[in-house]
Number of protein chains: 2
Amino acid sequence: MRKISDSTVRRLSVYLRFLEQTKTPTISSRELARLGGTTSAQVRKDLSFFGSFGKRGLGYAVPELTRRIRDILGLERGYRVVLVGAGRMGGALVQYQGFKQRGFHITAIYDHDARKIGSRWNGLVVRDVTHLENDLKKDPSDIAIVATPAESAQQVVDRLVRSGVKAILNFAPVPLNVPADVEVKTVNMALELETLSYSLANR
Amino acid sequence: MRKISDSTVRRLSVYLRFLEQTKTPTISSRELARLGGTTSAQVRKDLSFFGSFGKRGLGYAVPELTRRIRDILGLERGYRVVLVGAGRMGGALVQYQGFKQRGFHITAIYDHDARKIGSRWNGLVVRDVTHLENDLKKDPSDIAIVATPAESAQQVVDRLVRSGVKAILNFAPVPLNVPADVEVKTVNMALELETLSYSLANR
DNA sequence: TTCTGTGAATAGGTTCACAGCT
DNA sequence: AGCTGTGAACCTATTCACAGAA
């Protein structure tokens, strides 16, 4: 498949969110653009990479387009997700409704702090991170969320990679080294604040 | 000032993080690139937008470059930050050490849930969100973090904008409408997982 | 020789504008 | 007439490649 840009994929996600809330049977690229904060040409271009889903003069059939985008994004299947790091951030993520709604199910939580191991979090018992490889051998996961301190993130990621995890969402503020066939997204909140600082400083 | 791309600003943030950990007195664009996961030409280009900080044949003086980047990013001053939304995510953010380390000080927390108002969070008392405008009139903040449910985010943002906040870090999964002179960064975690899902589905 | 700073070349993403279907 | 699908034009970001300073 032709290489699709990250920005296109992110916009598809945004369109999907609005399509799921749309009550009309059809929607135009213009309206979808307005909702998603982009242009109608951009919407049409984004969709055109994957096919011709609209009807000229009419727009897009909402249920069909919804299904198509879910399919493109790979959301028709559900995902088992393991969480490593039972700190504050981990706690917030386990609770976060947005994940479950979209078919991402957190199936296990790991930490190495003895005080946390064994405690119950949202119905899941926090397990010792040393069990990670064995557990994943029995019950593989495609996706892991890393919410550990910066110091331990890389070593956790090495374990995850060895265990066959192919996609990692990283909240630790360090870039992670992974083989080419593993995808990492790092969310670095301090960095986001710094871009805001930059925009305040340069106006 | 000439328009600088968001990606350049983000990379400067990354370089800064590594410069602060570097022990050698000078560093080359090549080394900085290796650490930050980019190319040496990119590093030099990024820096060249702001001046000539290096010495040919030698590299960059670490303390000077650190200072320069902190200055470019506007990090030499500290920021007062208000947090709206005392849920799980808000809790994680209040605790997050990365903010304070970089000079972002959370000075107040707001919520509208009566059960949360008055409780103490990391030394701060959660205040009723209806006090927001008045409080900000007395003690202005440049930056706000919004960690409310999607439904209330826009109305909170409207209050913030009226109160003179110029930069918003948004964790609610909705695009926000703000005037052109207000900067918004939205961090949408479900969307990040969806880009991972896409990459798993299309390999 | 090493490594920066920077124009020039290339690649990539966005917008334009219009032919063509409904 | 209304709105999609898409090549072409445009604009922006990245990479190349080399002159020049240490």
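These numbers were taken from a predicted model, which means no experiment stands behind them. Order of the sequence lines fixes the chain letters, A, B, ..., with proteins taken first and strands second; residue numbering starts at 1 for each chain.
In this structure, Phe50(B) atom CZ and dT4(C) atom P are separated by 18 Å, rounded to whole Å. Taking atom CZ on Arg44(A) and atom P on dT15(C), their separation rounds to 12 Å, with Å as the unit. Atom CG in Leu47(B) sits about 7 Å away from atom P in dG5(C), given to the nearest Å. Between the C1' atom of dA17(D) and the NZ atom of Lys45(B) lies a distance of 12 Å, rounded to the nearest Å. Atom CZ in Phe49(A) sits roughly 8 Å away from atom P in dG13(C) (whole-Å rounding). What separates CD1 of Ile27(A) from C1' of dG2(D) is a distance of 16 Å, to the nearest Å. The distance from atom CG of Leu65(A) to atom P of dT4(D) is 11 Å, rounded to the nearest whole Å. Taking atom NZ on Lys55(B) and atom C1' on dT1(C), their separation rounds to 18 Å, with Å as the unit.
Contact check, Gln42(A) against dG13(C): no side-chain N or O comes under 4.0 Å of OP1 or OP2. OP1 or OP2 of dT14(C) sits under 4.0 Å from a side-chain N or O of Arg11(A). For dT15(D), one of the phosphate oxygens OP1 or OP2 lies less than 4.0 angstrom from a side-chain nitrogen or oxygen of Thr39(B). Taking 4.0 angstrom as the limit, Ser29(B) places a side-chain polar atom (N or O) nearer than this to OP1 or OP2 of dT4(C). Regarding contacts with the backbone of dC3(C), every side-chain N or O of Ser28(B) stays at 4.0 angstrom or more from both OP1 and OP2.
Secondary-structure stems of DNA chain D, taken as three or more successive Watson-Crick or G-U wobble pairs (i with j, i+1 with j-1) under a 3.5 Å distance threshold, comprise C:1-22 with D:1-22.
To the nearest 0.5 angstrom, Ile117(B) atom CD1 is 9.5 Å from Arg127(B) atom CZ. To the nearest 0.5 Å, atom CD1 of residue Ile4(B) and atom CD1 of residue Ile72(B) are 8.5 Å apart. Annotation: the span from Leu32(B) atom CG to Asp46(B) atom CG amounts to 9.5 Å, rounded to 0.5 Å.
A donor atom on one side chain and an acceptor atom on the other are found under 3.5 Å apart for Thr130(A) and Asp128(A).
One finds a salt bridge joining Glu194(B) and Arg17(A) here, because a Lys/Arg side-chain nitrogen approaches an Asp/Glu carboxylate oxygen to under 4.0 Å. Between Glu64(B) and Arg67(B) there is no salt bridge, since no side-chain nitrogen of the basic residue lies less than 4.0 Å from a carboxylate oxygen of the acidic one.
Between Tyr60(B) and Gly57(B), the residue anchored closer to the 5' end of DNA chain C is Gly57(B), taking for each the nucleotide with the nearest heavy atom.
Within the 4.5 Å cutoff, no side-chain heavy atoms of Leu132(B) are placed close to those of His112(B).
Nearest nucleotide to the side chain of Ala41(A), out of dG5(C), dG7(D), dC16(C): dC16(C).
Ser7(B) comes within 4.0 angstrom of the backbone, heavy atoms only, and of no base.
Between the side chain of Arg56(A) and the base of dT4(D), at least one donor-acceptor pair of N or O atoms lies under 3.5 Å.
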